[in-house]
Amino acid sequence: MNPTADFVPGLQGVVAAQTRLSSVDGLAGELIIAGFPLEELALNATFEETVYLLWNDALPTASQLADFRASLAAYRAIPPQTIDLLRAAAEQKLDVMDALRMAASTITLRSADEPQHDQRDSLALVARFPTIIAAYWRLLQRQEPVAPRMDLSHATNYLYMLTGEEPSAERTRGLETYLNTVTDHGLNASTFTARVIISTGSDMVSAITGAIGSLKGPLHGGAPGPALDMVFEIGEAANTEPVLRQKLESGERLMGFGHRVYKVRDPRADVLAQAAERMYKADGDMQLYNLAKHVEQTAVRLLEAYKPGRNLQTNVEFYTALLLHGLDLPTDLFSPTFAISRVAGWIAHCEEQRAVGRIIRPESIYMGEKNRRWQPINQR
Ligand code: ACO
């Protein structure tokens with residue numbers, strides 16, 4: 001290895017890709033997605049427009065959007081083999097992210113009349129994540145899956161497949177704001193994972209399956225469930241400070257706070273806080289919303305007291321939890337719903353990485369022993 005290379009724990013500050021997909025400015029608290037400030041995109045776009053933008057670097061015209069929506073919708077249905085696999089997973093009550101990882105792999109099962117190319121796999125991945133997750137969730141509840149509808153938007157259809165009922169326009173808008181907000185975010189761990197896999201010349205489904213595994217971890221996409229559990233555990237405003245102090249004193253991390261890149265408030269937290277407030281005001285539990293706001297303010301104050309100078313601020317997961325709970329999604333579906341959005345960003349990054357055409361292959365520093373001598377097994 002190059003003896004002058006420094007070991008950078010967690011690769012913090014290391015630049016490993018060039019991208020046109022998103023720009024994360026952790027000091028200014030600014031997120032740009034394909035040229036648009038987050039606030040502009042999150043509040044205006046449908047999710048299909050956001051996916052089109054990421055994949056084509058331009059907003060679609062009305063007819064391009066109609067075509068794109070139709071081609072995505074055409075891939076929504078999942079084959080019986082995938083449903084059988086989900087049934088087996090539900091028997092064992094596997095975690096939803098594990099079931100998603102298993103079922104995503106089956107996207108390489110193509111029927112004879114389907115095109116055998118990557119564009120088909122990319123469309124099928126985005127189109128089928130909601131179907132897989134909703135079907136699996138219903139099987140876990142001992143209910144039969146609800147077949148996808150081709151006439152509904154991506155977000156509406158997901159909520160429809162979970163309950164069998166069409167959601168209100170506010171709910172669809174709340175979900176769409178969320179999906180737009182988390183679809184891409186620089187070289188986060190799961191995106192990096194996908195880029196590493198595709199850089200070897202591997203295929204899209206393999207790259208996305210690996211990315212699901214990376215997103216699942218609690219230090220990445222697995223935090224919103226625990227963030228909401230923490231608000232419920234606190235229960236009422238008066239308990240906030242003692243509960244949070246006790247957690248910090250026992251060395252626990254407060255879920256929904258801190259970020260590798262953002263040293264100010266995560267801009268996604270603001271967009272999602274506004275969307276959550278609108279939804280809760282329209283039809284939700286304002287007491288819970290107000291408690292969450294109080295927990296957030298107290299947590300930020302206490303984190304500064306217990307971890308001075310670390311700049312631990314609210315991250316995207318905190319208001320994700322509140323928004324998705326307001327949509328009646330159970331906590332077990334929070335990370336999978338994140339994946340429904342992020343898969344579009346993963347695919348766009350994979351295409352960028354392919355164009356680079358170079359394998360990602362960093363180095364390691366050997367810390368072990370040298371000059372060991374072989375001992376026959378009976379002498380060990
Ligand atoms: N609560 C309490 N202390 C914290 C927290 C937290 N949420 N986050 C960081 N710290 C402390 C660490 O204990 C450490 O303190 P020390 O130096 O005294 O030991 C210091 O702050 C720095 O922490 P690192 O782990 O080095 O920070 P890193 O940049 O590696 O981690 C991370 C970022 C993983 C997000 C971290 O802040 C964390 O664990 N947060 C809670 C989990 C969470 O909310 N995850 C979702 C992140 S958003 C996303 O990925 C989409």
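The analysis underlying the following values was restricted to heavy atoms, covering all of them including side chains, and did not include hydrogens, waters or symmetry mates. Along the sequence shown, residues are numbered consecutively beginning with 1. For ligands, and for the atoms within them, numbers begin at 1 and follow the listed sequence.
Close approach of ligand 1 to E317 is summarised as follows: ligand atoms under 4.0 Å from at least one heavy atom of the residue are 46 (C), 48 (S), 49 (C), 51 (C). Of all the atoms in ligand 1, the ones that sit under 4.0 Å from a non-hydrogen atom of L303 are 1 (N), 2 (C). Close contacts between ligand 1 and R260 involve ligand atoms 28 (P), 29 (O), 30 (O), 33 (C) [criterion: under 4.0 Å to a heavy atom].
Under the 4.0 Å criterion applied to side-chain N and carboxylate O atoms, E277 and K293 are not assigned as salt-bridge partners. Under the 4.0 Å criterion applied to side-chain N and carboxylate O atoms, E144 and R87 are assigned as salt-bridge partners.
Between the choices V316, N315, L254, the shortest heavy-atom distance to atom 47 (C) of ligand 1 belongs to N315. Residue R253 holds the heavy atom nearest to atom 39 (O) of ligand 1 of all those in R253, Q313, E252.
Between W346 and F129, the angle of the ring planes goes over 60°, which puts this pair in the perpendicular group of the 30/60° scheme. Using a 30° and 60° split on the angle between ring planes, Y262 and H185 fall in the tilted class, from 30° to 60°.
With sequence neighbours excluded, the residues forming a side chain to side chain donor-acceptor pair (under 3.5 Å) with E352 are T19, R195, listed by chain and number.
Counting heavy atoms closer than 4.0 Å to ligand 1, residue N188 contributes nothing at all. Both the backbone and the side chain of H220 come within contact range of ligand 1, each with a heavy atom under 4.0 Å.
Ligand 1 lies nowhere less than 4.0 angstrom from a heavy atom belonging to G10.
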Show me, pair by pair, the donor-acceptor contacts under 3.5 angstrom made by side chains of residues 25-35, not counting sequence neighbours?
residue: D25; atom: OD1; partner: L27; partner atom: N; Å: 3.1
residue: D25; atom: OD1; partner: A28; partner atom: N; Å: 3.0

